Trainee: 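Pasting a structure here, questions to come.
Letters go in sequence order (proteins before strands), and every chain restarts at 1. Computed from a prediction, not measured in an experiment: that's the story for all the values here.
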Amino acid sequence: MSCQYLLLLLLFGEVSSVEVQRPRGVPLSKRPLYEENKPFTCLDGSRTIPFDRVNDDYCDCQDGSDEPGTAACPQGSFHCTNAGFRPTFIPSSRVNDGICDCCDATDEYNSGADCQNTCRDLWRKEKESMEKLAEIAKEGFLLKQQLIQEAKRGLEDKKGKLTEVQNSKKDLEEKVEALRTVKETAEQPEKEAKERHLKAWDEQKAVIRMEKDKARMAEVFLELDGDGDGSVSVAELLSHSELDQDSDGSFTEAEAQELLGGVDKVDTAAFETVWGNIKEKYMSESNTDAPAPAEPPQEEIKEPASDVDSETYPDDDNPEEEDEDDEEEDDEMDDGDYKSPPPTQTQEKKDDDEEGTMPPYDEETQNLINVAQKARDEFDEAEKALREVDDNISNLEKEISFDFGPSAEFAYLYSQCYELTTGEYVYRLCPFNRVSQKPKYGGSETNLGTWGKWAGPEDDIYSVMKYEHGTGCWQGPNRSTTVKLTCGTETVVTSTSEPSRCEYLMEFTSPAVCQEPPPMTPDPDHDEL
Amino acid sequence: MAPVLVLWLAVCLSGTWAVDRGNFKTCDQSSFCKRQRALKPGESPYRALLETMELTNTRLTLQLINDNNKVRLLLELYRLQGNITRVKINELKPLKPRYEVPDVLVREPPTEPLSVLSQDENGVVLSLGAESQRVIVSARPFRLDIMEGHDVLMSLNSRGLLAFEHLRMPQQWQVVPPHPYPLQITAKEEEEKVEEGMWEETFKSHSDSKPNGPSAVSLDFSLPGVEHVYGIPEHADTLRLKTTDNGDPYRLYNLDVFQYELYNPMALYGAVPVMLAHNTKRTTGIFWLNAAETWVDISSNTAGKTVFGKMLDYVQGSSETPQTDVRWISESGIIDVFLMLGPTPKDVFSQYASLTGTQSFPPLSSLGYHQCRWNYNDQEDVRSVDAGFDEHDIPYDFIWLDIEHTDGKRYFTWDPHKFATPKEMLQGLLEKKRKMVAIVDPHIKVDSNYKIHNEIRSRGFYVKNKDGGDYEGWCWPGSAGYPDFTRADMRAWWASMFAYDQYEGTMENLYTWNDMNEPSVFNGPEVTMHKDAMHGSWEHREVHNLYGLYVHRATAEGLIQRSGGVERPFVLTRAFFAGSQRYGAVWTGDNAAEWDHLKISIPMCLSLGLVGISFCGADVGGFFKSPSSELLVRWYQTGAYQPFFRAHAHLDTPRREPWLFGPENTALIREAVRQRYTFLPYWYQLFYQAYRTGEPVMRPLWVEYPQDPATFAVDDEFLIGRDLLAHPVTEEGSRGVTAYLPGKDEFWFDIHTFQKHNGAQNLYIPVTMSSIPVFQRGGSIIPRKLRVRRSSTCMENDPYTLFVALNTRGELYIDDGHTFNYEKKEFIHRKLSFANNVLSSVNLAPDAQFTTKSWVERVVILGASKPGKITLKTADGEESQLDFEFDASMSVLTIRKPGMNAGEDWKITLK
């Protein structure tokens with residue numbers, strides 16, 4: 001290789017010494033269009049001018065073609081030959097502006113700028129770095145072949161495993177169905193026994209409640225009967241404005257009388273009917289701030305929830321659900337049917353206070369419960385196992401169908417994470433999953449985006465990864481990260497930056513992006529030769 | 001930037017984008033404003049004691065007495081050179097001296113003789129020298145009328161709202177107690193009512209101890225025949241000031257207002273207490289020299305009238321002439337007011353310039369395009385943005401670094417990781433002939449490991465709190481001290497900190513930006529300093545509006561000194577006061593990416609130009625929020641035709657360098673910036689003119705067409721100098737604009753198509769996204785450089801194209817672009833004129849000397865007819881024939897490559 005390079009240099013020396021004369025700033029390829037001593041036609045054909053107006057520092061052609069070597073035309077361009085390096089065009093506005101643009105210094109022929117010819121230096125440096133890159137590419141490309149093989153094997157493994165798991169799923173489904181029958185069979189007698197027990201308890205409670213109500217009625221009667229004449233009068237009732245029937249703010253005599261059943265006063269016996277009308281609203285004088293306990297809601301007293309069917313488990317294992325965005329998760333939490341305590345608990349407690357605890361189940365019932373519980377547990381376990389298998393299947397399917405590159409060369413990154421520590425933060429890239437940032441000295445992790453898509457240019461789509469919908473920014477977008485992949489022999493995050501607020505850029509090297517190096521030295525494009 | 005940290009919460013709570021008005025006082029919440037505004041007109045207690053009148057040659061003094069409390073005031077009246085009358089009113093014997101604003105006037109204004117014309121027991125008539133001007137001093141009640149011939153130009157205290165709260169002994173009791181007997185009788189002759197807020201007032205959680213008690217001053221001015229008043233920036237409002245009867249007065253109190261609202265009289269970052277009054281006959285100005293919190297009320301007898309009503313008055317010969325009444329109220333200090341009596345707008349500019357100086361002459365490069373963002377993250381970021389401009393072939397001169405470039409918001413330092421080798425970075429820019437601005441704010445981090453802080457503390461240079469300790473507030477760095485810039489020794493020290501060996505990592509192409517110099521104090525009352533903080537023996541109350549000017553001044557002096565007095569400084573400031581024009585540029589603060597903010601940039605900069613501050617601009621693109629690409633393009637097109645042309649963006653907005661919006665928008669922005677660069681010779685010449693005369697660079701139409709009432713309220717278009725009229729597109733989705741082209745018998749040439757339009761008409765101009773409606777006045781010659789390069793410095797030696805719009809005169813100014821050598825007469829100043837088919841260049845400054853490599857590459861004559869031949873005669877007497885082209889459809893004659901040096905005499909003859 002180095003021999004060839006030397007040869008090239010020698011060749012160059014030859015060529016530049018016999019360079020063809022042409023107007024300043026014109027590339028060799030366009031030389032024939034600038035024929036000395038003949039009228040010059042602007043390259044866009046717009047007009048023809050005498051040749052002495054070419055490069056006379058006045059713009060005559062709209063397209064700038066009459067001034068290839070001066071700064072006179074706003075649209076013009078100047079050709080740097082850059083012998084020894086790569087020729088290039090610069091905008092005319094950079095001719096004689098005092099800044100060295102062409103490495104052969106030809107753009108500054110009249111500005112007094114002290115420009116050196118740096119073309120050979122540049123070429124040497126570029127060659128060195130290209131050689132280095134080529135070496136890396138070569139090594140990386142070999143590694144990539146291994147990765148592709150591994151991915152192939154991995155894919156086969158996974159496909160095999162999928163079949164295996166799908167088969168085991170069938171067995172499991174059968175088992176679940178069988179256990180469901182067992183469970184349902186055991187639950188029927190359990191239910192009946194429990195209902196019997198409950199009914200007995202309800203009856204007992206009703207008796208207790210009635211007694212309590214009677215006692216309270218007597219108490220209230222005494223309380224109402226202010227003058228102790230053994231009867232409650234309209235006047236006595238009037239002091240309890242909370243009994244106002246139509247709640248219009250005034251408790252009238254008529255209303256009170258109506259409560260007493262149309263009479264002026266009632267005795268203990270007649271009060272029983274009255275009591276029925278007023279006990280909901282009545283407030284005891286001795287304890288006015290707490291309304292008299294209303295009749296406890298006549299709802300069924302639920303046993304402590306052990307009924308599996310009514311419970312929802314958080315579906316942690318389903319990765320598809322995990323992919324859903326945060327907002328939805330929040331909503332779910334608001335619904336909170338599995339996270340908030342069962343609503344009946346407090347009520348039960350109150351009942352316990354008033355009417356005592358429900359007596360334990362008798363032995364027979366308890367036995368039935370135990371049998372049913374065992375059946376339930378076994379069923380649950382089997383069902384859980386089935387769910388796990390389902391998850392397993394969907395995970396495998398997802399991984400199998402995931403776009404890991406044309407030859408699945410990026411598959412090895414799946415479920416890996418790579419870190420880079422900077423001055424302030426530790427950055428963490430988990431390819432195909434998420435990017436995050438954590439302060440080095442304590443503080444919580446910030447999500448810089450979850451896997452979005454391959455986002456390289458059309459012809460090189462696997463050169464860029466995009467992670468989106470990270471934690472939101474104040475006045476800004478949700479955080480997102482662009483990961484640029486370059487060829488390297490190692491898989492490393494080499495740098496991170498935040499070019500724009502909350503838009504991160506990560507440089508990531510991997511052999512998986514290495515292309516087969518071109519067969520030989522990338523020569524500069526010498527159209528001069 | 002704005003105090004995001006503090007006000008963040010407010011925004012979150014209110015959930016809107018508008019300013020949180022509750023953070024700033026209304027007149028009712030400012031006790032002196034409330035007290036003063038409660039006074040009723042027509043009940044003046046002041047009487048002139050004519051027997052106390054003393055008249056030396058140039059100074060008249062006279063005592064005034066307040067008949068209610070017998071306190072005497074001393075009135076001083078001076079006639080100043082250049083048709084200015086100065087009226088000063090102070091207490092005759094104040095308990096202690098009252099604050100008189102120093103350092104704003106460029107010198108003690110030279111006076112002219114005054115003489116008594118007549119006198120009786122009711123008053124005195126004084127002659128104001130030339131122009132048959134007189135002052136009538138009426139005794140009872142006291143009143144001043146300034147007359148010219150039979151016309152009253154201006155009356156003072158004509159509504160009897162002169163008020164002067166005299167200094168008094170602190171009361172033992174603080175608030176009027178509902179107490180039958182005062183606990184102690186003071187030595188004063190009589191009791192005065194003590195109102196709440198006189199001796200202490202609170203706003204939100206902030207308490208103002210007010211140890212000196214009430215000290216407000218106020219005076220009213222009547223302007224007969226006036227319906228249009230302008231000035232008193234800074235407000236986000238129309239060019240023509242509105243009447244304030246139905247709301248708060250215009251407020252002047254430098255404040256860091258987070259997300260300011262448009263079209264209201266709230267105070268903003270700067271204050272220039274100068275108002276201009278204009279009608280078809282005369283322009284006058286009032287300069288109220290007071291640096292304390294000030295409110296200005298405006299009312300008008302025609303304000304409520306419809307056009308029809310006014311016409312009816314006219315037809316019926318209504319006896320009432322239109323009149324505008326103005327009232328100034330300041331919290332403290334004295335009344336020191338300069339009545340600038342015109343009569344033309346340009347006379348008022350030169351009168352004001354004679355008092356406070358002119359716009360500093362900026363380096364040429366600072367008139368180019370500035371690329372700014374909060375923040376360019378590190379040196380690599382700067383390098384790649386710089387490269388982006390080259391890649392997309394967009395010129396720029398300055399790239400800016402906001403607060404994040406520092407080491408922990410310690411100004412004069414660099415972040416050791418992100419900007420580890422600043423000189424390398426600056427050298428890289430220098431090699432492309434470009435420059436940088438880095439921010440230096442006046443709040444100094446309290447940190448014993450920070451050299452700047454330690455030096456200021458050990459020298460005792462910090463502002464003190466009311467208890468004598470160093471005043472500390474909360475700002476970007478956290479706890480911060482505020483250097484006392486009112487001290488000359490402090491300013492000298494501050495200036496010395498810009499020396500290359502002090503401010504490490506700096507080079508000659510680094511310039512400075514002073515932000516937050518209202519001063520902004522995140523946890524202070526109204527986000528600024530406590531009024532009872534102390535600057536030596538003066539309260540902050542007295543000097544508040546002056547603080548920003550002093551910061552700006554000290555910084556500009558630092559930049560001059562670091563080059564040994566050779567190089568011109570460039571310093572941008574957010575806070576300002578009368579006189580700030582002497583120190584550099586200002587911008588309109590933290591605007592937003594909204595169409596209305598683009599629109600308001602025009603009246604805001606026009607208002608500043610009227611009061612001397614020509615170097616004004618608004619953040620292109622809008623600071624807060626993110627502009628649509630249409631808004632961004634329109635903003636570049638507008639900014640390219642405003643004096644200070646800088647794009648800026650908030651930290652939390654997406655990047656918006658000009659090439660990030662697709663190739664079409666990049667091309668539109670490139671074209672707008674390039675147009676700016678082609679006009680740099682004209683901008684530069686206008687700034688030279690502003691520096692010499694005080695005339696605004698960007699000016700309202702009425703300044704050039706003072707007799708055309710159709711121009712008086714125009715603020716969606718403007719003139720650049722006299723000869724360019726810009727009507728940028730500031731409406732979303734616009735398909736056309738209607739521009740008013742002023743001047744009967746005048747012509748205007750579209751600068752893009754060269755189409756000729758008649759003056760005194762409303763012209764509808766269809767527009768596309770590439771349109772920037774701009775016109776060159778017929779009768780002008782505008783020198784341009786059409787070879788746009790990477791930066792203005794790269795264009796130094798480039799040839800000129802002269803755009804000659806018949807019939808004609810113009811000027812050309814050339815110097816080295818960056819030093820003070822123009823003060824040593826090292827420049828070229830030429831008069832260009834076209835008459836009788838001869839275009840010639842004549843030296844306007846024969847005693848000046850400078851050589852340029854620039855030549856004239858092209859002359860474009862608009863509105864020409866086709867000549868037979870064209871000859872050039874150069875200084876050495878040689879004659880040659882020139883080539884030309886003639887476009888008959890637009891009557892445009894282009895003379896090809898005359899080639900003469902731009903600094904020499906020459907003549908081009910069309911035959």
Trainee: With only heavy atoms counted, which part of B:Asp393 is less than 4.5 Å from chain A, the side chain, the backbone, both or neither?
Mentor: both

Trainee: Around atom CD of A:Glu36, are there more than 12 heavy atoms from other residues, nucleotides or ligands closer than 6.0 Å?
Mentor: no

Trainee: Nearest 0.5 angstrom please: B:Arg790 CZ to A:Arg94 CZ, how far?
Mentor: 4.5 Å

Trainee: So which of B:Leu786, B:Thr793, B:Leu651, B:Asp381 has the biggest tally of heavy-atom pairs under 4.5 Å with chain A?
Mentor: B:Leu651

Trainee: Heavy-atom cut-off 4.5 Å, strictly under: side chain, backbone, both or neither for A:Ala113 against chain B?
Mentor: neither

Trainee: Using modelled atom types and a 3.5 Å cut-off, is there a donor and acceptor pairing between side-chain atoms of B:Lys897 and backbone atoms of A:Cys59?
Mentor: no

Trainee: Roughly how far apart are A:Cys502 SG and B:Asp652 CG, rounded to 0.5 Å?
Mentor: 6.0 Å

Trainee: Out of curiosity, A:Ser111 OG to B:Glu796 CD, how far, rounded to the nearest 0.5 Å?
Mentor: 11.5 Å

Trainee: Between B:Asn377 and A:Glu498 (side chain of the first, backbone of the second, donor and acceptor by atom type, cut-off under 3.5 Å), is there such a pair?
Mentor: yes

Trainee: Quick check: do B:Asp883 and A:Tyr58 have side-chain heavy atoms less than 4.5 Å from each other?
Mentor: no

Trainee: Can you give me the closest heavy-atom contact between A:Glu503 and B:Pro654, atom names plus distance?
Mentor: OE2-CB, 4.3 Å

Trainee: Take atom NZ in A:Lys440; do more than 12 heavy atoms of anything else shown fall under 6.0 Å from it?
Mentor: yes

Trainee: With a 4.5 Å heavy-atom cut-off, do B:Glu431 and A:Ile99 have their side chains touching?
Mentor: no

Trainee: Side chain, backbone, both or neither: which part of A:Asn110 has a heavy atom under 4.5 Å from chain B?
Mentor: neither

Trainee: Does the distance from a Lys or Arg side-chain N to an Asp or Glu carboxylate O, for B:Lys432 and A:Asp97, drop under 4.0 Å?
Mentor: no

Trainee: State, to 0.1 Å, how close B:Arg896 and A:Asp56 come at their nearest heavy-atom pair, and which atoms those are.
Mentor: NH2-OD2, 2.8 Å

Trainee: What do you reckon, is CD of B:Glu508 surrounded by more than 12 foreign heavy atoms closer than 6.0 Å?
Mentor: yes

Trainee: What part of B:Thr894 gets closer than 4.5 Å to chain A, counting heavy atoms only: side chain, backbone, both or neither?
Mentor: side chain

Trainee: Specify which of A:Ala71, A:Ser92, A:Pro74 makes the most heavy-atom pairs with chain B at under 4.5 Å.
Mentor: A:Ala71

Trainee: Go through the atoms of B:Asp390 and report whether side chain, backbone, both or neither lie under 4.5 Å from a heavy atom of chain A.
Mentor: both

Trainee: With a 4.0 Å cut-off, would you call A:Glu67 and B:Arg787 a salt bridge?
Mentor: no

Trainee: Measuring from A:Thr422:OG1 to B:His417:NE2, what's the distance to the nearest 0.5 Å?
Mentor: 9.5 Å

Trainee: Among B:Arg674, B:Glu857, B:Lys433, which has the most heavy-atom pairs under 4.5 Å with chain A?
Mentor: B:Lys433

Trainee: So which of B:Glu885, B:Arg656, B:Glu380 has the biggest tally of heavy-atom pairs under 4.5 Å with chain A?
Mentor: B:Glu885

Trainee: Would you give the length of the straight line joining atom SG of B:Cys794 to atom CG of A:Asn96, rounded to the nearest 0.5 angstrom?
Mentor: 11.5 Å

